[in-house]
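Reading through the structure tokens given below for one structure.
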Amino acid sequence: MRVLSVVGARPNFMKLAPVDRALVRRGNVEHIIVHTGQHYDAGMSDAFFEELQIPRPDHHLGVGSGSHAVQTAAVMQRLEPVLTELRPDLALVYGDVNSTLAAALVASKLGLRIGHVEAGLRSGDWTMPEEINRVLTDRLSDLLFAPSRDAVENLLHEGIPAQRIHFVGNVMIDSLVAMLPAARALAAPACHGVASGSYVVATLHRPSNVDDAGTLRGLLGALEALGAETPVIFPVHPRTRERIQSLQRGSTHTSNVRFLEPLGYLETLSLVASAGLVITDSGGLQEETTYLGVPCLTVRPNTERPITCRLGTNRLVAAERDAIVAAARDGAETRARPRVPIERWDGRAAERIVQVICGA
Ligand code: UD1
């Protein structure tokens, strides 16, 4: 059996790693990896392949950055000949980035079977490019691998036949479970000179938060205010770095916030696992903090991962300085909450995916 995985952007890689391992363990499957090149900086891509021990991609499409149309079209054009030549029995796509939808479109028009890892998440917010990518990818997929029961419900409500939907659990948590001992052994908090439980990790990269100068100024203001009280560590996504630089052009700015380059998977996990608070707009971090029992403020009006608010440590907060500062100071609500295990967030989601693909 030939399975071909298409990945392209940073959050895809943590989802690919456990699936690749489970397919290799199965023995009789040829697993081909195609990297679209949507993310291309070493710190956004290569570092993750190395740390997560993912084999080098068999094909690299070198697509790079661009507008949504340019990026999606480039993936489609460059992927089509690869899929036409290899004709896999199953094309696997991951998450909700532009590479995900582009690959699903190409594969479906070639009549290939498609599996979507992390199917069924919905924010209901059509201003998010990821929501468009999720809904359309699910519509095109034959096997929908859902991380949570609410995702299954979303798919059933949209009329997806039940036999296509498989509640396998969360592959992001597979990677976390596999890598947590190595991450803890890194002792990243000590390397950064901060004490366990007494610092904030911040990450922000959504266009809705960083592309508007006024909003970004408010968010940086919140981190500045918190940074005066407690260490704030902020690994900065390239999109955000660019925006911060244009905001501060010409100013001799000093800051309470520790701005870092994007960090690898293990260092991030090591820092997040011992943080007192995470402030983020990432999808993955909402899940990881819930699993770890670390309080999380998600700077968004909605989330496609409501289970992290209902059962986990996540809380939504408006993209406004005072709202974030107040929510960070008043963390008692989430801090006091006992850690609730979430169904099938147990490190075995990829194993279940491979059982569905290859038969029990
Ligand atoms: C993409 C995903 C988003 C995901 C995020 C994780 C889409 C629509 N968005 O957003 O869902 O949460 O990845 O990081 O697919 N850049 C670099 N080096 C890189 C990659 C990007 O400098 O390796 C810069 C470029 O200026 C680029 C910008 O970041 O234009 C945005 O990159 P892009 O891949 O378009 O979207 P992300 O914001 O990373």
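Nothing here was measured: the structure is a model prediction, and the numbers come from that model. Counting starts at 1 for both ligands and their atoms, following the listed order.
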Closest approach of any protein heavy atom to [atom], naming residue and atom:
atom                    : value
atom 16 (N) of ligand 1 : Y40 OH, 3.5 Å
atom 18 (N) of ligand 1 : D41 OD2, 2.9 Å
atom 2 (C) of ligand 1  : V97 CG1, 3.7 Å
atom 36 (O) of ligand 1 : R239 NH2, 4.0 Å
atom 6 (C) of ligand 1  : P11 CD, 3.5 Å
atom 9 (N) of ligand 1  : E130 OE2, 3.6 Å

Please set out all donor-acceptor pairs under 3.5 angstrom arising from side-chain atoms of residues 188-196, sequence neighbours excluded.
unit_1, atom_1, unit_2, atom_2, d
H192, NE2, E267, OE2, 2.8

Proximal atoms of ligand 1 relative to [X] (non-hydrogen, under 4.0 Å):
X    : result
H237 : 14 (O), 29 (O), 37 (P), 38 (O), 39 (O)
H205 : 4 (C), 5 (C), 6 (C), 12 (O)
M44  : 23 (O)
Q71  : 34 (O), 35 (O)
E242 : 26 (O)
P238 : 16 (N), 17 (C), 18 (N), 22 (O), 24 (C)

Going by an N to O cut-off under 4.0 Å, is there a salt bridge joining [X] and [Y]?
X    : Y    : value
R241 : E261 : yes
R352 : D346 : yes
D150 : R122 : no

Self-check item: Aromatic plane relationship, H237 with H39 - under 30° parallel, 30 to 60° tilted, over 60° perpendicular
Solution: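 Perpendicular: the ring planes of H39 and H237 meet at over 60°.
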Quiz item: Who else is in the cluster with L121 when I, L, V, M, F, W and Y are joined by side-chain contacts under 4.5 Å?
Solution: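 None; L121 is a cluster of one.
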Quiz item: Taking atom types as modelled, is there a side-chain donor on S274 or Y199 under 3.5 Å from an acceptor on the other?
Solution: no
Self-check item: Side-chain donor-acceptor pair present, S255, E224, cut-off under 3.5 Å
Solution: yes
Quiz item: So, does N12 use its side chain to make a donor-acceptor pair with the main chain of A9 at under 3.5 Å?
Solution: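 Checked: pair present.
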Of [options], which has the heavy atom at the shortest distance from [atom]?
atom                    : options               : value
atom 34 (O) of ligand 1 : R134, R241, Q38, R243 : Q38
atom 32 (O) of ligand 1 : R10, M128, H39        : H39
atom 8 (C) of ligand 1  : V63, D46, T240, N98   : N98
atom 27 (C) of ligand 1 : A9, G95, S65          : S65

Quiz item: What do you reckon, are the aromatic ring centroids of F13 and H35 less than 6.0 Å apart?
Solution: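 Judged by ring-centre distance (under 6.0 Å), F13 and H35 do meet the cut-off.
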